[in-house]
Number of protein chains: 2
Amino acid sequence: MNEEFLSIKKLIRKKGYRFTSQKRIILEELFNANIHLTVQEIYNKVKSKKVGLATIYRTMNLFTTIGIVKEINVDGISYYELKMYSKKPLHIHFRCSQCNRIIDIDNSKIDIKYLKLNKEIEEDQKLEIFDANIMLIGKCSKCRKNSIL
Amino acid sequence: MNEEFLSIKKLIRKKGYRFTSQKRIILEELFNANIHLTVQEIYNKVKSKKVGLATIYRTMNLFTTIGIVKEINVDGISYYELKMYSKKPLHIHFRCSQCNRIIDIDNSKIDIKYLKLNKEIEEDQKLEIFDANIMLIGKCSKCRKNSIL
DNA sequence: TTTAATGCAAAGTGTTTGCACTATA
DNA sequence: TATAGTGCAAACACTTTGCATTAAA
């Protein structure tokens, strides 16, 4: 069990919740996946281990509230990904409208520019930004290649 | 009836759909509102005019497909706003996590910077961006003031 | 007149909740 | 051992769909 895992366990306890075997199993899946998962996807992975669907919903809501995961919503479906201890403080998602794949835009130079832009918005509008959901929609490199062939 | 309205009517016809009284009524509400509306909000405004809920769902799906409206999804609920002929080609939404109000970030300087950043992502990742959903989450100026008092 | 679009109600899908039971602290 | 958390099924909220009817072209 690694350090990050242990400190999440500690956080759950500190907030007054019990660290149940279900929470551990779900958390392990989030660590393994290291990408956004839907409740249904998590359920498919853990149903054999006697974890009910309602528990996953409840757990993901709890994890979102205490800041363990980040929720992004696409076409009415929620995707969750580990937020704490992530190397990426903010990141940009891209959805291909052709193959519906969701990919992360992984480029720290762009992230930094984006964070600067957020700062600018904060000053201009006199507000505070805690978080950002950015979903770009377009055609991914694979689908572009295929349409040329 | 203004020019924009007429060209949307023309577009619907050109795409092979009928311009029904229901589509006209819904379109009028979108013009009046000039802000994101949910299906339920539209329904409350038009139910007295004999427009059914299912028709609004069908119409909003059609309008989204042919590019008349833009759909943004917040916590699983879809909001629609007129897209065509809008002065703003892209715009950034902000949701206050305290009062849950959604506001538009209206600043063309920021929009231009954002569009440039999109160009950069396109080149970096070899993809094409058609559209962007940007939702910033934080505390709005009003709630910030109130929490100081 | 033809047939796309509508209204209604039923079905579908993702999520939440009440309650008896289980297991953590 | 006390009570938060769970599994299950029922309830919920938003959305889609089948079908008879209506109205646009």
Side-chain angles (χ1 to χ4, degrees), chain A residues 1 5-6 8-29 36-66 68-69 71-80 100 102, chain B residues 1 5-6 8-29 36-66 68-69 71-80 100 102:
Chain A
M1 227 193 260
F5 197 98
L6 286 171
I8 290 178
K9 182 177 168 179
K10 227 168 113 182
L11 176 69
I12 292 169
R13 287 248 180 79
K14 207 177 75 184
K15 293 273 183 184
Y17 303 101
R18 293 179 181 177
F19 190 74
T20 59
S21 68
Q22 289 83 345
K23 290 201 187 82
R24 180 180 48 74
I25 290 165
I26 293 168
L27 205 48
E28 278 168 3
E29 289 305 330
H36 28 253
L37 293 174
T38 64
V39 165
Q40 203 49 242
E41 284 166 347
I42 297 170
Y43 182 60
N44 291 337
K45 287 168 188 282
V46 303
K47 62 184 166 193
S48 58
K49 294 171 191 164
K50 284 189 164 293
V51 180
L53 194 54
T55 298
I56 300 171
Y57 278 107
R58 281 186 280 232
T59 302
M60 297 324 287
N61 287 344
L62 176 68
F63 283 5
T64 304
T65 306
I66 63 180
I68 292 171
V69 299
E71 180 182 355
I72 61 164
N73 198 294
V74 181
D75 292 336
I77 302 163
S78 289
Y79 291 77
Y80 300 91
N100 271 313
I102 298 170
Chain B
M1 226 193 263
F5 196 98
L6 287 171
I8 290 178
K9 181 177 169 180
K10 228 169 112 182
L11 176 69
I12 293 169
R13 287 249 181 76
K14 207 177 75 184
K15 292 273 182 182
Y17 302 102
R18 293 180 181 177
F19 190 74
T20 60
S21 67
Q22 288 84 346
K23 290 202 188 80
R24 182 180 47 75
I25 290 165
I26 293 167
L27 204 48
E28 278 167 2
E29 290 304 331
H36 29 253
L37 293 174
T38 63
V39 165
Q40 202 51 241
E41 285 166 346
I42 298 169
Y43 183 59
N44 291 337
K45 286 169 189 284
V46 304
K47 63 183 164 195
S48 58
K49 293 172 191 164
K50 285 189 163 296
V51 180
L53 193 54
T55 299
I56 300 171
Y57 278 106
R58 281 187 279 230
T59 302
M60 297 326 286
N61 287 343
L62 176 67
F63 283 6
T64 304
T65 307
I66 63 181
I68 292 171
V69 299
E71 181 181 354
I72 61 165
N73 198 294
V74 181
D75 292 336
I77 303 164
S78 289
Y79 290 78
Y80 299 91
N100 271 312
I102 298 169

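Chain naming here is simple, since letters A, B, ... match the order of the sequence lines and numbering starts at 1 in each.
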**Prompt:** Mind checking whether A:R58 and A:L62 have side chains closer than 4.5 Å, heavy atoms only?
**Reply:** no
**Request:** Find out whether A:I8 and A:F19 are in side-chain contact, i.e. whether some heavy atom of one side chain is under 4.5 Å from a heavy atom of the other.
**Result:** no
**Prompt:** At under 4.0 Å, does any side-chain N or O of B:Y57 touch on OP1 or OP2 of D:dT16?
**Reply:** no
**Message:** With nearest nucleotide decided by heavy atoms, which residue, B:E71 or B:S21, maps closer to the 5′ end of DNA chain D?
**Reply:** B:E71
**Asked** Which part of the nucleic acid, if any, lies within reach of B:S78 when heavy atoms closer than 4.0 Å are counted: base, sugar-phosphate only, or nothing?
**Response** sugar-phosphate
Nucleotides 20-23 of chain D: which of its N/O atoms have a protein N/O under 3.5 Å away?
none

**Leading and trailing nucleotides of DNA chain C with any atom under 4.0 Å from heavy atoms of chain A** = C:dG14 to C:dA25
**Request:** Starting at atom CG of A:L53, determine the distance to atom C1' of D:dA9, rounded to an integer number of angstrom.
**Result:** 12 Å
**Prompt:** Do other residues, nucleotides or ligands put more than 12 heavy atoms under 6.0 Å from B:K50 NZ?
**Reply:** no
**Complete:** In whole angstroms, the gap separating P of D:dT15 from CG of B:L62 amounts to 17 Å
**Fill in**
Taken to the nearest whole Å, CE/A:M60 to C1'/D:dG5 is 16 Å
**Request:** Would you mind reading off the distance between B:I42 atom CD1 and D:dT15 atom C1', rounded to a whole angstrom?
**Result:** 14 Å
**Request:** Decide, yes or no, whether a salt bridge links B:R24 with B:E28 under the criterion of side-chain N to carboxylate O below 4.0 Å.
**Result:** yes
**Message:** Closest-nucleotide mapping onto DNA chain D: is B:V39 or B:T20 further toward the 5' terminus? I mean the 5' end.
**Reply:** B:V39
**Asked** Rounded to whole angstroms, how far apart are CD on B:Q40 and P on D:dT15?
**Response** 9 Å
**Request:** Answer yes or no: is there a side-chain heavy-atom contact under 4.5 Å between B:K23 and B:F63?
**Result:** yes
**Asked** What are the two closest non-hydrogen atoms of B:I25 and B:V46, and how far apart are they?
**Response** CG2-CG1, 3.5 Å
**Message:** With a 4.5 Å cut-off on side-chain heavy atoms, are B:I42 and B:M60 touching?
**Reply:** yes
**Request:** Mark yes when over 12 heavy atoms from residues, nucleotides or ligands other than A:K15 sit less than 6.0 Å from its NZ; otherwise mark no.
**Result:** no
**Message:** In the structure I gave you, are the side-chain heavy atoms of B:T59 and B:Q22 within less than 4.5 Å of one another anywhere?
**Reply:** no
**Prompt:** With sugar-phosphate meaning primed atoms plus P, OP1 and OP2, does A:R58 contact a base, only sugar-phosphate, or nothing at under 4.0 Å between heavy atoms?
**Reply:** base
**Asked** Could you give the CZ-to-P distance, from A:F19 to D:dT6, as a whole number of Å?
**Response** 11 Å
